[in-house]
Structure formats: C-alpha cells, structure tokens
Amino acid sequence: MRDRTVLHIEDNEYNRKIVRQLLSRTSFKLLEAADGEEGVAVAQRELPDLILMDVQLPKLSGLDATRQLRADPRTAKIPLVVVTSFALSGDDRRAMDAGASAYLAKPYSPRDLMALIHKFLPDN
Amino acid sequence: MRRTTVAERTPLPVVALLASPLGGLVRAVARVRASVHVKLLAAFLVIALLFIAMTAVSLLAVAETARQTTLLDEAHERVGWSRQIEQALAMQMHFTSMALLSQGAESVGLILRENNRFNDTLERLQTAAPPEERALIQSIRVAQDDAMATVADIANALRDRRLADAMTALRTRQEPIYQKIEALVSSLVAAEETRMASLRSSIAAAQGRSLRLTAGFAVVSVALALLAGFVISWSFILPVREARGFLSEVAEGRFGGKIVVPNRDEFGALAEHMNWMSQELHRLDDEQRVAAEQLRGLNDRLALASRAKSEFLANMSHELRTPLNAILGFTEIMLDGLYGEVPTELREPLVDIQTNGRHLLRLINDVLDLSKIEAGRLELGVAEYSVQEIVDVVHASLKSLAIEKGLTFTARVAPDIPPAWGDGRRLMQCLLNLTGNALKFTRRGRVDLDVRLEGDWLTYRVTDTGIGIPKDEIDKIFAEFRQVDTTITREYGGTGLGLSITKRLVEMHGGRIGVDSELGKGSTFFFTVPLHTDGELS
C-alpha cells in the first residue's frame with residue numbers, strides 16, 4: 001500500500017514547518033502549498049488523501065479554495081480540514097458550509113492536529 | 001397647487017357667489033383697514049339706525065293721524081251744533097206760529113228761550129269754526145237778529161191786538177228770514193261735511209303712506225342686515241378657508257408657501273404672521289435638510305469606517321493567531337520531545353513561554369469578542385444544548401487549576417433540567433469566565449458551581465471563598481478593563497474584559513447578571529437566562 005499523502009495549504013512558513021516536523025516522524029507523505037490557487041492546483045494534480053487548509057490565504061481564500069475543490073468531482077470526496085480563526089468567530093460554520101469535513105481553531109495544539117489526521121487516516 | 005386644493009374643498013354655490021359682484025363686495029369689506037370689532041359694530045349700528053328711523057317715521061305718521069282725527073272730531077261737533085241751530089230755528093218758527101194761534105204771551109217766552117239756545121250754540125260754533133266760515137256765521141247772526149226784531153214786532157202787534165199786522169209780519173218778513181237762515185246753516189253743514197270727507201280721505205292716505213314707509217323700512221333693514229351679515233361673515237370666512245388650506249399644506253410638510261388674503265384686519269395680521277412662520281419653517285427645514293444630509297454623509301463614512309474596522313479586526317484576529325500558532329506549536333512539540341529530550345533547566349522557561357502565549361491568546365480573543373459585541377456584529381448561534389455538558393466541560397478544564405491551588409472545586413446541576421435553547425458555547429464562555437475568576441481570586445477554601453431551574457429561568461451560580469469585592473466597587477466591576485485594583489491584574493492575571501463580555505452575552509440571551517459579595521469572605525456571581533432563548537433576541 002502506497003504512502004498516504006497529506007496536502008498542507010498554509011502561507012506561513014513557520015506553521016508549515018511545524019506540520020513538517022510533526023509528520024517527519026510518520027509515514028505520511030507531505031505536500032505543501034503557500035497560497036489558495038497553488039493549493040487547488042496541487043490538490044487536483046496529486047489527489048492527496050487529506051487536505052489541511054488555512055482559512056486565510058493569499059490569491060484565493062481557504063473557503064473559496066474549499067468550494068472549488070468540492071465542485072471538482074475528482075477532489076470532492078477528499079477529507080478536508082479547515083484551520084479557522086478561533087471557534088467563536090463564525091469561521092467554523094462558514095468552513096462547514098463551504099464543504100469542509102472538519103475544522104480546527106487556530107492556534108491549535110500539534111497534538112490535536114495529529115489526532116485529527118489519525119482520525120481521517122487511521123493506521124491499518 | 002394650493003389654489004386648486006382650496007377650490008376643490010369650496011362648495012360650488014359659494015364659488016359662484018364669490019365670482020359675482022357680491023364676491024367683490026366681500027373682498028372690498030375685507031380690504032377695509034379696520035378691526036373686526038369696528039366692522040361688526042358699524043354693521044350693527046347701520047341696521048340699528050335704520051330701525052330707529054323706521055320707528056320715528058311711524059311715530060310721526062301716528063301723530064299726524066291723531067291730529068287729523070281731532071280735526072275730524074271738531075268738524076263732527078260743529079255739524080252737530082249746526083243741526084241744533086237748525087232745530088232751534090224750527091222751534092222759533094213753531095213757537096211764533098203758536099203765539100199767533102194762541103195769541104198768548106207765554107209763547108213769546110218760549111221763542112226767547114229757543115233764541116237763547118240758538119245764540120249760545122252759534123256762539124260756540126263761531127269760536128270753534130275755521131276762519132273761512134266766520135263770514136257765513138256772521139250772516140247767520142245778522143239774519144237771526146233780523147228774525148228777533150221781527151219776533152219783537154210780532155209780539156208788539158199781538159199785544160196791541162193787531163193780529164193782521166202780526167200775521168203779515170210773520171208771513172212777509174219772518175218766514176223769508178228763517179228760510180234764509182236755514183239755507184245759511186245748510187251751507188255751513190255742507191261745508192263741514194266736505195271738510196270731514198277730505199279729512200277722512202287724508203287720514204286714510206296718511207295711514208297708507210305710513211304702512212308703506214314702515215314696510216319699506218322693514219324690508220330694507222332686513223335686506224341690509226342679511227347683506228351685511230353675509231358680506232362681513234364671508235370677509236372672515238375667506239381668510240379662514242385660505243388659512244386652512246395653507247396650514248394643511250404646512251402640516252403635510254410643504255413649507256415656504258404664501259397665504260394671500262385681501263383682509264387688512266386681524267385676519268390680515270394673522271396671515272402675515274403665518275407667512276412669517278412659513279418662511280421660518282422653510283428656512284429651518286432647509287437647515288435641517290442640510291444638517292441631515294451632512295449627518296447622512298457622516299453616517300455613511302462612519303459605517304464605512306466601522307466596516308473597515310470590522311474587516312481589519314477579522315484580519316488581525318487571524319494575523320495575530322498565525323505567529324501565535326507557531327510560538328505555541330513549537331513550544332508544545334519541543335515539550336513533547338519531538339526535538340529530543342528537553343534539558344531540565346529549559347523546561348521551565350518553555351512552560352513560561354506557553355503560559356504567556358496562552359495569556360496573549362486570551363487577550364486577543366477577549367478584545368476581538370468585545371469589539372464585535374460593541375459593533376453589534378456578534379450573533380448568537382441558538383441551538384439546543386445540555387446544561388450538564390457545559391458544566392462538565394468547565395469543571396474539567398479548570399479542575400487542574402483548582403488542584404494546583406489546593407482548592408475544593410465542585411459542580412452541581414439540578415437533576416430536573418431539560419435540554420435548553422441558547423448559544424451553548426457562549427454560555428460556556430460565560431461560565432468559564434466566572435469560574436476562572438473565582439479560582440483566580442481565591443487562595444484558600446472552595447469554589448462551587450451550581451445550576452438550578454426556577455420556573456422558565458436557568459440560574460448559573462459560582463460561589464467562592466475569595467477576596468470579595470468592596471461595596472462601592474460592585475457596580476463598576478462589569479465595566480471594560482475594570483478590576484477593582486490594577487495591581488490585582490498583575491497579581492492574579494486576567495484581561496479585565498471577561499466580566500464585561502459575560503454581561504453582554506447574558507444580556508444578548510435576554511438574561512441578567514449579578515453578584516453578592518462580602519470583602520474578605522467571598523463572592524457569589526450568578527447569571528440568569530431563559531431556558532428557551534428566542535433566536536430573535538440576538
């Protein structure tokens with residue numbers, strides 16, 4: 001069975017680095033994109049197993065990118081976690097409305113993020 | 001515009017009447033430069049004078065009739081006297097004849113008596129007679145004197161027994177004289193009767209004239225009264241109608257119009273004042289319009305600024321969280337040993353970074369929450385929630401803090417509470433704030449959480465044995481950035497925004513918040529919200 005792929009779409013290098021560090025100890029293959037447009041392009045090309053999408057991105061917002069991916073039949077079924085602003089901002093509802101599978105409030109605990117990744121991509 | 005509205009309201013007969021010369025008269029009266037009072041008085045005076053004149057004319061006519069009636073009475077009396085004279089004359093003739101027949105002297109006495117009666121009556125007649133009759137009466141007197149002379153002759157002849165002479169005297173002298181007197185008296189009676197007839201017709205004519213005059217005066221007076229009433233009343237009604245139309249225009253908010261009335265009386269003055277008022281209103285309306293326009297512009301700019309501020313805050317919220325995510329994230333993965341075992345001496349500073357990072361996060365959350373509430377942009381997500389679940393989460397997340405401080409920390413939810421409606425996460429935030437504060441401000445003792453249902457209202461209560469709040473500070477603690485003493489912020493931490501946010505959130509649920517506290521003994525913070533919060537309230 002091939003390594004499962006996680007696509008992380010986030011414009012902040014340090015936050016990308018945290019996920020990179022977290023996944024370096026696992027068997028997941030990590031793809032990265034720094035803006036919404038690139039994220040959609042990579043997702044449509046690579047068809048990853050899980051997408052982590054920051055809500056605020058340059059060029060194309062996380063919510064718009066989510067809607068585009070949900071509209072594309074190839075990427076419509078891929079689990080997608082939107083990293084929102086804090087839970088009470090209303091971003092969570094907007095994320096779910098846009099088609100997210102789950103949301104995670106920023107700042108998130110790396111432990112919680114790993115738990116979520118394992119939830120969508122359980123070990124066999 | 002106003003003209004047509006007034007015309008529409010005026011009945012057609014009135015319009016026709018006002019277009020006639022009568023309308024001109026109405027306007028002329030309106031134009032008279034005199035007060036309403038004077039105009040009314042003048043009208044009443046004219047009519048009153050007419051009635052007085054009418055009365056005077058009537059009285060004069062009555063007096064004239066009375067005078068003529070007196071004249072008539074006098075003439076009538078004179079006719080009576082003339083008849084008496086005739087009768088006395090006849091009696092004289094009779095007694096003269098009797099004297100001849102009886103040849104006695106007693107008849108002569110009777111003749112003398114009748115002669116006296118004749119003379120008396122003639123005397124009265126002469127006194128009362130009009131001058132033109134005096135000559136006639138004088139001739140009667142002369143004739144009577146002749147007759148008496150003849151009677152004396154007859155009496156002498158009788159005494160001397162000259163019967164033939166007496167007879168001759170009677171037949172040739174006495175009878176013609178008597179006939180002459182009779183003719184004179186008859187002409188006197190005829191003259192009086194003619195005078196009476198003329199007097200009667202003159203009285204009738206005077207009465208007819210008086211009747212016509214009185215009727216004429218009455219008709220003219222009534223007509224004048226009606227005319228004056230109509231003209232004067234319409235000279236008042238016209239400006240009032242104009243004013244009504246004008247004022248309804250003003251009431252409809254159309255200012256600056258002008259009322260035009262011909263009046264130069266109080267109504268004219270009133271119209272002038274109304275025009276002044278209209279101009280003032282127009283000016284004020286313009287000013288107000290300009291001010292409103294400016295305010296609208298200002299409001300638009302403010303709304304724009306407010307929207308920009310909200311967007312800025314939303315962006316800032318995420319922008320602030322992104323580096324904080326990195327700080328807290330790296331700290332956590334370091335503490336979790338992702339980079340290898342953490343040296344003992346580095347563990348404490350790493351935990352300090354984490355603690356301060358979390359505090360910074362709370363500050364950011366509170367500031368953003370409050371600014372959203374202030375901007376009215378915070379919406380409640382009303383849904384069904386479990387009170388037990390909220391209390392459990394709050395208890396679980398703060399239990400470690402209580403244990404760390406050595407405090408007893410309990411939570412109790414009344415068993416009869418059904419599922420509630422409201423924004424569960426916001427209510428949880430409220431309870432977290434109150435409970436967090438209680439734990440923060442309590443050094444020894446306990447913090448107890450308690451929820452009860454009273455009627456349709458849920459009361460969340462947090463009781464502590466902390467430092468308490470001075471009485472004079474209790475009212476201020478729900479204000480922003482307010483802790484009783486700023487040193488407390490440094491000693492106990494906290495943002496100073498929690499209570500203020502909690503109060504707003506509770507109020508958005510239609511509830512209220514309160515506190516009972518005693519300095520040094522502890523505090524009980526509580527908030528009461530409806531079991532079923534209506535979504536509309538938010």
Side-chain angles (χ1 to χ4, degrees), chain A residues 8-26 28 30 32 34-36 52-58 61-65 81-97 103-118, chain B residues 310-311 313-340 354 357-373 377-383 393 423-430 432-433 501 505 508 538:
Chain A
H8 187 206
I9 311 170
E10 157 75 63
D11 60 324
N12 184 281
E13 161 59 19
Y14 299 104
N15 285 321
R16 283 206 304 274
K17 196 170 166 187
I18 289 175
V19 174
R20 213 179 295 145
Q21 298 282 359
L22 278 172
L23 294 187
S24 66
R25 301 277 184 90
T26 68
F28 297 119
L30 180 66
E32 289 182 358
D35 65 64
L52 301 176
M53 174 88 77
D54 192 61
V55 80
Q56 202 165 46
L57 290 168
S61 85
L63 295 180
D64 287 338
V81 176
V82 172
V83 178
T84 67
S85 288
F86 73 127
L88 297 172
S89 67
D91 276 359
D92 48 357
R93 210 181 317 151
R94 281 191 284 276
M96 298 309 281
D97 288 347
Y103 59 84
L104 189 63
K106 208 176 197 178
Y108 51 79
S109 154
R111 271 175 242 150
D112 294 347
L113 178 65
M114 279 314 294
L116 206 57
I117 292 171
H118 283 300
Chain B
S310 292
E311 277 165 22
L313 281 172
N315 287 339
M316 276 314 284
S317 167
H318 197 81
E319 294 298 329
L320 289 169
R321 266 166 237 279
T322 299
L324 203 55
N325 193 57
I327 293 168
L328 288 171
F330 279 118
T331 313
E332 190 177 314
I333 60 177
M334 280 169 81
L335 281 169
D336 279 359
L338 206 75
Y339 294 98
Q354 200 171 40
R358 282 178 183 156
H359 184 62
L360 182 58
L361 177 63
R362 261 204 314 284
L363 269 171
I364 292 167
N365 286 347
D366 282 357
V367 168
L368 292 173
D369 255 4
L370 198 63
S371 65
K372 268 191 156 179
I373 292 171
R377 284 173 169 263
L378 191 121
E379 284 175 23
L380 291 184
V382 175
V393 170
D423 190 334
R425 285 191 312 193
R426 289 296 184 183
L427 291 174
M428 190 195 293
Q429 187 186 356
C430 294
L432 265 172
N433 276 336
I501 292 169
L505 290 175
M508 282 176 75
S538 59

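In the text below, chain A, chain B and the rest are named by the order of the sequence lines, each starting its count at 1.
- In this view, B:Asp336 and A:Arg111 satisfy the salt bridge (Lys or Arg N to Asp or Glu O under 4.0 Å) rule, not counting sequence neighbours.
- The two residues B:Gly329 and A:Pro110 have their closest heavy-atom pair at O-CG, 3.6 Å.
- Listed here is the closest heavy atom pair of B:Gly381 and A:Arg93: CA-NH2, 4.5 Å.
- With sequence neighbours excluded, no residue forms a ring-ring contact (aromatic ring centres under 6.0 Å, His included) with A:Tyr108.
- Using a 4.5 Å cut-off between heavy atoms, A:Leu113 makes no contact with chain B at all.
- When all heavy atoms of B:Glu332 and A:Ser109 are compared, the pair lying nearest together is OE2-OG, 2.6 Å.
- What you find for A:Arg25 and B:Tyr339 is that their closest heavy atoms are NH2-N, 4.2 Å.
- Neither the backbone nor the side chain of A:Asp11 comes within contact range of chain B, judged by heavy atoms closer than 4.5 Å.
- The two residues A:Pro107 and B:Leu361 come nearest to each other via the heavy atoms CD-CD1, 3.3 Å.
- Your options are B:Leu324, B:Leu328, B:Thr322, and the one with the most heavy-atom pairs under 4.5 Å with chain A is B:Thr322.
- Note that the CG atom of B:Asn325 and the CD1 atom of A:Ile18 stand 5.5 Å from one another [nearest 0.5 Å].
- Summarising the local packing, CE of A:Met114 is surrounded by more than 12 heavy atoms from other residues, nucleotides or ligands at distances under 6.0 Å.
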